[in-house]
Every structure is written in structure tokens, then in C-alpha cells.
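Okay, so here's the structure we're looking at.
Predicted model only: the values in this text are computed from it and were never measured.
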Amino acid sequence: MSACVPTRTSDSPHTERVHPPHSPPRAPHRRFRVAGADVSASIAVFLIALPLSLGIALATGAPLQAGLVAAAVGGLVAGRLGGSPLQVSGPAAGLTVVTADLIHRYGWRTTCAITVLAGLVQLGLGCLRVARSALAVSPAIVHGMLAGIGVTIAVAQMHIVLGGSPQSAVLDNLRSLPAQLADLHPAAVAVSALTLILLLLWPRLPGRTGRLLRKVPAALVAVTGATATAVFAGLTQPRVELPSWSSHALAGLPEGPVLGLVAAVLTVTLVCSVQSLLGAVAVDKLIAARPGLTAQVSRSDLDRELLGQGATNVVSGALGGLPVAGVAVRSAANVQAGAVSRNSTMLHGVLVVVAALLMVPVLELIPLASLAALVMAVGIQMVSLHHIRTVTRHREVPVYAITTLGVVFLGVLEGVTLGIAVAVAVSMHRLARTRITHDEKEGVHHVHVRGQLTFLAVPRLSRALHHVPHGSCVVVELDGSFMDHAAYETLQDWQRTHTAQGGSVELTGRRAATETDTGIGSGSGSEGVVPASSTVQPVNGTADSPLAGCRCRPWTPWRNHQCDAPPPEAPHGGPAAEHRAEPPNDPSDAEPDGRTSAVLPQVAESAVASGPARSTASSALTGPTEPSERVKPAEQTDTTHTTGPGERTESIGAAAATGSGPSGRQLVRGISAFQRNTAPLVRGELARLAREGQQPSQLFLTCADSRLVTSMITSSGPGDLFVVRNVGNLVPPPGEESGDDSVAAAIEYAVDVLKVRSITVCGHSGCGAMQALFDAEPGGVQTPLKRWLRHGLPSLERMADPGRPWARLAGRAAADAVEQLCLTNVVEQLDHLRAYASVSRALRAGELELHGMFFHVGEAQAYLLSEAGEGRGEVFDHVGVADLSA
């Protein structure tokens, strides 16, 4: 261990402050502080929530005070207990139809009791941690539900806008609409029209003055303008009536049929939960779009959010409020207004309480027609054209349409149930639908199978294969991810028969298999395996394919792309036992059902770069090879086949290789596999990139270690990343003496020319460069490696500085000093990056973000750097499946 890097012991200066003996520890002095950004954001949200809460209460037929109660409780309780810090909860338009129907059926007090019971169910679901399951609902069903609710709201509020009263059912409202149009109330129509005009034009005010005025919410301006006009013009029309709080109705015992009450509770639970959880995911996306906010606000905890929503509905229902859910409009306004913590949500609830107690005379001036116009506009916006285009692109229009119509004409629960049934039917249809075509090109017969190959497609598959002439060359293209037993047996039997009659068969697809896996010649194989590229030669044993004998299975498991080659034949045709290659017996090679895992197309291009065996120099930097990566003697053997006396044919097409050694053959195999399997998939995209030029969004600077495949760990494809790799992922500080023109030129080109939006410095576990830097002794011969590693000395100094806390992984400390140096090095190289003029200029302009990343090779786990706070050092947080689905 180097003397310049001290190890942490119990004598470390970073120890907790001790208190005098025999006395309790001194409690930390904490002051409640509210950021100015939270105060301004809370005011903006309050100005939006106040008119919307009154309008939604009006639309449901509930007491208008119930909307204020729900808004206040949503801000205070959900804001404090919820798992999404910046999501704003309150009475939601998506609950309008459900609540109106409950009030019509059971009355207001029983509706409050149903709200309480729904909250208790949400608490139970939160304790069971099933929040993520709610996200499994098809987006087409959710969008269809919201669209149906929006149509119902708009049709009902149209009557109030025209000066009448709505009916309880959508069909009744539609039937009575012509009569209502014939009996207009001019005052109500004028107030409603003014509200809609202000609501539409206010966000479009031009110029600098308009930009300042647009900071006032359009909903508040519309209602305020319509109210002021109605008061000054002396228009006589119904207005808001807020009875005394002393007569406010609270929840009572539920009364009604048990099955009806249970269905009502489940409906409220479903709508509230799904809307709140989807809203939390949307808020996370809004937070991610704000630079610098991600480090201050944690990602949403969906189970905690469900618990918070449940507690909110219990309190709101008990106090006589409407059902509560996360509201997209208010949440988006909260994020855009600059909120940085949950204090903004809670302060907006406090402001609603103050308004409900002190602003009653002002609120009672608001015309009901203005609130109805506001809610009608919200209902129309719920029928989103963007959502319709999305479901059309994904061919889910039937699910969307059936859900919408079901909600409009039958009810929310019935409509969602129909939507789920249609979604299941569509999925089954897609699974069973398989297109099989047969054509001939230049003497080669092509059988193309598109879709999943199940027993339902066996008759059509057999018919297509029957039309293939005996002894012909056939290419069977399997464009799917699943093959059941019946289809597998059919394809296997036909393949064996066709090759026995002198023909040849090549199976291509997106799954990997070997000649042994398919059972050709051995009569056994794994069910459900679709070969990625398996060439079956004629019975005379010639090997014309450049990949003949290659039994590599791309990517799962990779095994450093070392072939398990079949045994060479002895001169008399028998197998050479001393050269027989053992098949891999790693349990991870197959899925639980015995099938090989699917190949990811976006990482197939990395096969060529990662295929050749690592050199001695790279091995010295990357450390010892894992047992599963060691090359077996049999895999190094030059395999040949004899086709006749005195005639030898290389099994891997050595004539096409630049060398006759194993590395040359592996390179040829990798290129050939790319040309056959991956090139057809990416040719169109690469042609576009060739025409338009590269436009990457990220500069990815990482180590040259062969175990790091950037396209794999970032799920990126051609044109996504501008990659710079060097030994130790080092960024030399700018300057004549210490600078490095190669790395500096790449950084300048990426920032100034390519205009990348982010730069990521990625370190990794087991870094040989960091080990060499850690073990380096001062002095000695200055080799090129030592001269390069001098750029890592600031990382050593940073690690040795007792005044700086160490960077750490989330949930644990570094495994050893070398891993600690790897973490520290990422942080130090980010500081070096900031010293570059182009990077500094882009950061000041808000055009660039810097990210630190650590990849643990043995765990296949990625960590992203996040600030832990003053004096606590940097923390590398997990990046897992939950973050991806969110």
C-alpha cells in the first residue's frame, strides 16, 4: 500500500463529537426553514387550486366547501406523508364523474364514508407494497378512462354554461342539450364566454410584458375577470354560496346495499390510486428535466405515495371533503414555479385554509357559470390529442375507444373493466397472429416467419415448408422471440428430412442456438430455441460457410467470445478425442425453461470490439481473468475437416482471415455474425447517420478496460454516444505541461462542435490503472504508463486529504482502498473537466451537465453520483430496474 494514502481507522479525524460523561448526547439544533422558491411556488399552486377546487365541487354536486376541505387536506397531509415530494394532491377532475354518481345514489354523508373506506383500502395496499403493480395497467386504458371522464364532465358543465342545470346521466344530458340551446340565458353565456376567452388567450400574451403577466395562472385570471365583469355590470345570475362552517356536513355511517358500497369503494380506490401513481411518475420526469433539481429532490417512493394518499382520503372523508388524488395540472405548476421541497405543497394547503376562513365574502361573488366554464375546459383538455396519437402509433385504438365509450355510457369501473378485457384480447391476438411467407430469390428459397411461432401457426408453417423443393437451399428467417414445443418439433423434423435429401437449411433469427441445441444429428435439443444463425450443411460434410463449426452464443453468456468448436475429425473420419471441446455447463447459459436468452440487437455491434482475446498489456491493467473467462485448450485448437483424400478445408474459412491464429479467426467470426444478423437491422439507421452526420447527445469518457461495453450498460445505439476511452478514465488538467491533446481535443470537439448536452465520467471496479497508481513507487524509470498515470495523482491527494470526506457507494463503504480510489478518481476527473474553458462556458450557459458514474463489474450494477450535502461527501446511488420503469 502506498504511503501517501492513509487507511481509515478508528483514529480518523472524521469522528463524531463526544459529549461529557454521564450526560445524554446533545440534540442537534434544527431550525425550520422554508426556501423562497417554495413560498413563491406555493402561491402559484394556491391560485390555481382555489378556483379549480370550487369548480370540481360544483360539478360533482357536493357542497362547495368540500372542495376547499379536500384541497387543504391534500396539501397538508399528502404533502407531508406522500412519497412524491413535489406532487400536489387535491380534488381531481378525474374523480368528478365517480363522486357525482355516488352523491346521486347514496347522498353526501355516505359518499364521505366511502371516501374514508377507500383511503383505508389504499393504506392496506400501500402496506402490501403493490404500488408498482398499478403501473402495469395499459396506458391506453388510463388515457381512455380520463378521456371518458373528460367527455362526461364537458357535457354536464355545458348545461350550466348555457344557464341551465345538468342531469345525472350522460345520455340524459345529450338528449336535453337541444332544448337547453333553445333556452339560453344571456348573462350566463356572456360570463362563460369571457372565462373561456381569458383562459385561452392569457397563456399566449406576446412580448416581455406578456411573459411577466403569464406568471399569473390563467385559471385565476379567467375567474377573476369574469367575476369582476359580472359585479360591475350588475349581471344577475347564480353565484357561489358557502354556508357557515358550523353547518358543514361530516361523514356518516354508510347506508345502502353492501355490494353497491363495495363496488363504490373499489372504484374510488382504483381511480385515486392509478391517477396518483401515474402523476408521481410524471412529476419525476418533470424533475429530471430541471437541471440541478435531481440532486435536491429524491425520486418518488410509490408505496409511500399510496400510503400518503390513503391517509389523505381518510382525513378528507372524515372532515366532509371530496376524494383526493394527485393532480397533474397543479403538480406541473409546482415544479415549473421552482419548488425545491415538499414545503411548497404544504404551504399551498395552509393558504387554502386561510382563504376558506377569511375570503368567504370574496368567494361568494364568483358566478357559477364561470366555474362551470373552467371545469368544462379542463374536461375537454382531458381528451388529449397527444394521447390519441400515441395509442394510434402503438395500435391500441380499440382499447382506448372501448374504454372511453364504456366510461361515458356505463361508468368508470365498467369502462375500465371493458378496457382491460379488450387489452387482453388484443394481446392474445398479437400472440397468435403469425405471418408466414415463402418466396424464391436467385435459386434460394426464403421462408419468413413474422411473429410468435406457436401451435396455432403449425399448419401454415407446414404448408409453407411443403412447397419448398427437395434438395434446394433454404433460408428460414424467424422474426420472433418465442417458439413452443409443437412448432419446434415441426421445424426440427422438416429440417432433418430436408438435409437428408441433399438440401441445405440456414436458420436465422434473433435468438441464439448451436447445432447441438437444435438437436440436428443428435435427435435432442432444447425446446423453444430459435437459432440466431445455424447453418446445416449437406450430408457430404463439406464446410462452405465461413462460420461452420462456430457454436458461439452471442452475449448470453459471452465468455469473451471463445468458441466451443466441434471436435476435429481424424483422417479416418472419426472424432479426435484428445481435441474434443466440452460444451458449457454454466447454469446461467439457459433460462429456467431451458431456452437460451434473447439477444439484444443494440449490443450485437459490440461483439466485434469485444471479441478478440485481450492482450498481455490490457490484462495487466484489467487484473486477473475470471474463471469463466479463461480460454480452454480445446478452444485454441485449429479445427479442420477432411472431405476426401488429400483434401482439407478450414472449418472457419481461414482464407478470409488476415491471419491463421485464433485471434484472426475470432475477428472473422465476429464480423461475419455482424454482417448477417445485426447489419440488416441497423443498415437504415447507419445510412441516415452517414447522410446527416453524427449528432450524439452525450460524451461518455470511460476506461479502456475490455469488460466495459458502453453500448450495453447505457442501452445506446449508433449515433447516441461520443465515446473517449483511455487507461483509467483520466481527464488531464488543461495546460501546456500537464495537458493531453488527445483527450482535450475530444472534449473541445464534443462541446463546441457536436454540442453534446452532457458529459459522463465512468469509473469501474477492479480498475488495473487505479491499482497501478496505488502501488506505484516514486522515482524509477518513467515508462509511458507511468507518465500517463501522473494525471491520477490528484485523485491520490484528494483521497489522502483528511479535510475531505470520502466518496462512497449508496448503502455501504468501499470494499477496499483501490475501490475507494476508483470512486475518488471519478469525482476528481469531474473537477478537471470543469477547468476546461469550453466546458466551463457551457456549464455557465446551462447548456451542459456533468455526471459521475461507477460501474461495478462483478455485480453488473451501475451507480450515479449525487451530492449528499455539505460535509458529507459524494454518494454514488444505485441505478436499477425501478428507476427505469419510473
Side-chain angles (χ1 to χ4, degrees), residues 52 56 74 78-79 82-98 118-119 121-122 125-126 129-150 153 266-289 297-310 312-313 323-336 345 378-379 381-391 394 396 399-400 403-404 407 412-413 415-417 419-420 423 881-886:
L52 281 177
I56 291 172
S84 182
L86 300 189
Q87 176 164 248
V88 181
S89 300
L95 296 164
T96 302
V97 176
V98 177
V121 175
Q122 285 182 301
L125 294 176
R129 307 184 68 82
V130 298
R132 288 284 173 187
S133 302
L135 300 181
V137 180
S138 171
I141 297 175
V142 177
H143 299 330
M145 178 189 73
L146 295 178
I149 292 173
I153 292 173
L266 294 178
T267 303
V268 174
T269 303
L270 172 67
V271 178
C272 288
S273 302
V274 172
Q275 183 167 344
S276 299
L277 296 176
L278 292 178
V281 174
V283 168
D284 283 344
K285 295 180 180 179
L286 293 175
I287 293 173
V297 182
S298 60
R299 295 182 64 87
S300 297
D301 184 341
L302 297 185
D303 292 307
R304 179 180 173 182
E305 178 65 19
L306 195 55
L307 290 171
Q309 294 293 335
T312 304
N313 277 313
V324 174
V327 187
V329 176
R330 276 163 264 183
S331 301
N334 190 36
V335 177
Q336 293 168 0
T345 304
V378 173
Q381 291 173 355
M382 293 173 69
V383 186
S384 171
L385 293 178
H386 172 70
H387 292 163
I388 294 176
R389 286 193 294 267
T390 300
V391 299
H394 292 282
E396 292 186 331
V399 179
Y400 179 89
T403 305
T404 302
V407 170
V412 175
L413 187 60
V416 171
T417 303
I420 293 175
V881 178
D883 300 301
L884 295 176
S885 62

Inset, instruction - Over all heavy atoms of both residues, which pair between V283 and S331 is shortest? Give the atoms and the distance, please. - result: CG2-CB, 3.7 Å

Inset, instruction - Drop me the distance from I388's CD1 to T404's OG1, to the nearest 0.5 angstrom. - result: 8.0 Å

Inset, instruction - Find out whether T269 and L125 are in side-chain contact, i.e. whether some heavy atom of one side chain is under 4.5 Å from a heavy atom of the other. - result: yes

Inset, instruction - Drop me the distance from L307's CG to L302's CG, to the nearest 0.5 angstrom. - result: 11.0 Å

Legend entry - Nearest heavy atoms of I141 and A423, plus distance in Å: CD1-CB, 4.1 Å

Legend entry - Reported CZ-to-OG distance for the pair R389 and S384, which is rounded to 0.5 angstrom: 7.5 Å

Inset, instruction - Would you mind reporting whether L86 and I287 have side-chain heavy atoms less than 4.5 Å apart? - result: yes

Inset, instruction - Measure the spacing between NE2 of H387 and CD of E396 and express it to the nearest 0.5 Å. - result: 13.0 Å

Inset, instruction - Identify the two heavy atoms, one from G79 and one from T345, that lie closest to each other, and give their separation to 0.1 Å. - result: CA-CG2, 3.8 Å

Legend entry - Modelled atom types, side-chain donor and acceptor of S273 and Q122, under 3.5 Å: yes

Legend entry - Closest heavy-atom pair and its distance - R330, I56: NH2-CD1, 4.2 Å

Inset, instruction - For the residue pair V391 and V399, establish whether any side-chain heavy-atom pair is separated by less than 4.5 Å. - result: no

Legend entry - side chain to side chain contact (heavy atoms under 4.5 Å, CB included) assessment of C272 paired with L95: CA-CA 7 Å; C272 288; L95 296 164; 3.5 Å; yes

Inset, instruction - Kindly indicate whether the side chain of I153, heavy atoms from C-beta on, has any atom under 4.5 Å from the side chain of V378. - result: no

Legend entry - Donor-acceptor side-chain pairing of Q309 and S89 below 3.5 angstrom: yes

Inset, instruction - Look up atom CG in L306 and atom CZ in R129, then write down how far apart they are to the nearest 0.5 Å. - result: 11.0 Å

Legend entry - Where V324 and N313 come nearest, the two heavy atoms and their spacing: N-OD1, 2.7 Å

